Amino acid sequence: DEAELVTDFEAILGRRDRIEPRDWMPERYRRTLVRQIAQHAHSEIIGMQPEGAWITRAPSLRRKAILLAKVQDEAGHGLYLYSACETLGVSRQELTELLLSGRQKYSSIFNYPTLSYADVGTIGWLVDGAAICNQVPLCRTSYGPYGRAMIRICKEESFHQRQGYELLMTMQRGTDEQRAMVQESVDRFWWPSLMMFGPPDSQSPNTAQSMAWGIKRDTNDELRQKFVDMTVPQAEALGVTLPDPELAWNAERGHYDFGEPDWDELTAVISGDGPCNAERMAHRRRAHEDGAWVREAATAFAARTSEDGR
Ligand code: FAQ
């Protein structure tokens with residue numbers, strides 16, 4: 001009966017073991033996972049746009065090859081995550097429709113424009129850096145297919161972060177103009193990167209329950225702190241200034257203190273009012289419509305081959 005199923009479910013969580021697709025799970029656990037994994041998948045797919053815009057304008061063949069590979073990896077991450085989500089009984093088509101109708105979200109960070117090639121480096125360094133901080137603990141999430149997808153994704157994200165850092169380091173060794181481009185880019189991306197971790201714990205409706213279920217292993221504020229602690233020494237090595245006058249080492253806490261992000265800005269961007277929300281969604285809708293013939297052809301081919309018994 002139900003009580004026994006709940007006990008078994010909680011015992012699995014208590015052992016820090018994985019819940020697998022065929023295990024019984026509470027409906028709210030399943031719904032929370034669909035929400036988070038889908039949002040994560042959509043972020044990877046929409047996240048191809050800001051950097052993708054620079055593929056045709058990469059400054060050298062080497063930079064172009066690197067950027068192409070990175071953007072392709074993001075498509076791959078989206079696909080593993082959609083597959084993980086499908087194990088919870090929703091189809092890829094449903095998820096796509098939920099994104100296109102605005103009923104599911106994607107990360108706020110991808111609603112900011114990429115104004116110079118330095119942004120490709122900054123996204124790798126800060127955005128992928130934040131993604132790694134958030135995703136490494138998710139390798140230990142309680143739902144098996146999500147945790148396993150995260151392991152491979154994290155390996156690729158570390159490479160993405162390194163390529164961004166290397167790009168910025170190269171520009172820092174260049175001309176004054178290039179150094180100014182790097183600083184201007186870091187100034188724009190710093191605060192939005194901190195917002196990727198979500199609202200403060202005191203204003204996060206989902207954190208407590210997601211932690212209790214082992215879906216999240218750390219709170220939004222814990223991960224944000226970890227990101228700041230990891231990034232400040234990297235900024236020093238790079239020779240850039242992070243645009244926060246309150247940033248300072250706190251020996252007593254053993255962490256960096258930092259200023260308060262503009263939470264009204266995060267709320268606005270999440271609710272559709274960021275600088276590029278309309279553009280990102282319009283692009284995604286157009287790509288979906290342009291791909292209709294591929295989906296039709298693939299479906300027709302699959303039907304024919306199964307008729308042939310092949
Ligand atoms: N943007 O109660 P919480 C990448 C929503 S990395 C938009 O704290 P939760 C790699 C939240 O969904 C980016 N929405 O929620 C890459 C909820 O709304 P809902 C993707 C946000 O779930 C790099 C509401 O606010 N990574 O793509 C944001 O416990 C470069 C209340 O918030 C992931 O998705 C936000 N920043 O914690 C790709 C990681 N923050 O759904 C290309 C997995 C909050 O109830 C290029 N996700 N919201 O309507 C998570 O860890 C969590 O879902 C959080 C939010 C931490 C994002």
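Here the structure is a predicted model, which is why all the values come from computation and not from measurement. Start at 1 and go down the list; that is how both ligands and their atoms are numbered. What you see below is based on every heavy atom in this structure, not just the backbone, and it leaves out hydrogens, waters and symmetry mates.
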For [X] and ligand 1, does the shortest N/O to N/O distance drop below 3.5 Å?
X      : answer
Gln39  : yes
Asn206 : yes
Leu138 : no
Lys70  : no

Which of the numbered atoms in ligand 1 are under 4.0 angstrom from any heavy atom belonging to [X]?
X      : result
Asn134 : 39 (C), 43 (C), 50 (C), 51 (O), 56 (C)
Pro205 : 2 (O), 31 (C)
Phe197 : 56 (C)
Glu51  : 46 (C)
Glu157 : 10 (C)
Tyr106 : 1 (N), 7 (C)
Ala131 : 6 (S), 10 (C)
Asp128 : 23 (C), 30 (C)

Does [X] reach ligand 1, in the sense of a heavy atom lying below 4.0 Å from it?
X      : result
His77  : no
Pro199 : yes
His160 : no

Task: Identified side-chain contact (heavy atoms from CB on, under 4.5 Å) partner of Asp221 from the options Pro199, Ser202, Pro200 - done: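 Of the listed options, the one satisfying the test is Pro200.
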
Task: From CA spacing to verdict: ring pair (Phe, Tyr, Trp, His ring centres under 6.0 Å), Tyr165, His160 - done: CA-CA 9 Å; Tyr165 194 79; His160 293 174; over 10 Å; no

Atom pair [atom1]/[atom2] of [X] and [Y] - distance to nearest 0.5 Å:
X      : Y      : atom1 : atom2 : result
Met211 : Arg217 : CE    : CZ    : 9.0 Å
Leu223 : Leu194 : CG    : CG    : 12.0 Å
Ile109 : Ile123 : CD1   : CD1   : 7.5 Å
Glu166 : Gln163 : CD    : CD    : 8.0 Å
Gln49  : Arg284 : CD    : CZ    : 8.5 Å
Arg62  : Ile66  : CZ    : CD1   : 4.0 Å

TODO: Could you list all the ring-ring contact (aromatic ring centres under 6.0 Å, His included) pairs where at least one residue sits in residues 251-293, not counting sequence neighbours?
DONE: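 Those involving residues 251-293 are Trp249-Tyr256.
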
[atom] - nearest protein heavy atom and its distance:
atom                    : answer
atom 46 (C) of ligand 1 : Glu74 OE2, 3.1 Å
atom 29 (O) of ligand 1 : Lys216 NZ, 2.7 Å
atom 35 (C) of ligand 1 : Ser108 OG, 3.5 Å
atom 41 (O) of ligand 1 : Arg35 NH1, 2.9 Å
atom 38 (C) of ligand 1 : Glu44 OE1, 3.3 Å
atom 16 (C) of ligand 1 : Phe110 CZ, 3.7 Å
atom 21 (C) of ligand 1 : Ile270 CD1, 3.3 Å

Open item on the list: Under the rule for side-chain contact (heavy atoms from CB on, under 4.5 Å), what residues qualify as partners of Glu20, not counting sequence neighbours?
Closed with: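 Listed in chain order: Arg18, Asp23, Pro145, Arg148.
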
Given [options], which has its nearest heavy atom closest to [atom]?
atom                    : options                        : answer
atom 49 (O) of ligand 1 : Lys105, Gln104, Glu156, Met211 : Lys105
atom 8 (O) of ligand 1  : Gly198, Ser204, Ala38          : Ser204
atom 33 (C) of ligand 1 : Gln49, Arg103, His40, Met195   : His40

Open item on the list: Does the protein place a non-hydrogen atom closer than 4.0 angstrom to atom 54 (C) of ligand 1?
Closed with: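 No, because not a single protein heavy atom sits under 4.0 Å from atom 54 (C) of ligand 1.
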
TODO: Can you label the angle between the Trp190 ring and the Phe227 ring as parallel, tilted or perpendicular, going by 30° and 60°?
DONE: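 Parallel, since the angle between the ring planes stays under 30°.
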
- [ ] Would you mind checking if Glu51 and Lys70 are paired as a salt bridge, meaning a charged N to carboxylate O distance below 4.0 Å?
- [x]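 Salt bridge between Lys70 and Glu51, a charged N being under 4.0 Å from a carboxylate O: yes.
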
- [ ] Answer with yes or no whether the side chains of His40 and Tyr146 bring together a donor and an acceptor at under 3.5 Å.
- [x]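 Short answer, yes.
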
Task: Distance-only polar pair, side chains of Tyr82 and Thr96, donor-acceptor under 3.5 Å - done: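 No donor-acceptor contact under 3.5 Å links the two side chains.
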
Open item on the list: What I'd like to find out is whether the side chain of Phe159 reaches to under 4.5 Å of the side chain of Asp128, using heavy atoms alone.
Closed with: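 Not touching, per the 4.5 Å side-chain cut-off.
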
Open item on the list: For the backbone of Gly129 and the side chain of Glu157, can you confirm whether one donor and one acceptor N or O come within less than 3.5 Å of each other?
Closed with: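 It does not hold such a pair.
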
TODO: Have a look at ligand 1 and work out which part of Asn220, if any, has a heavy atom under 4.0 Å from it: side chain, backbone, both or neither.
DONE: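 Asn220 to ligand 1: side-chain contact only, backbone stays beyond 4.0 Å.
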
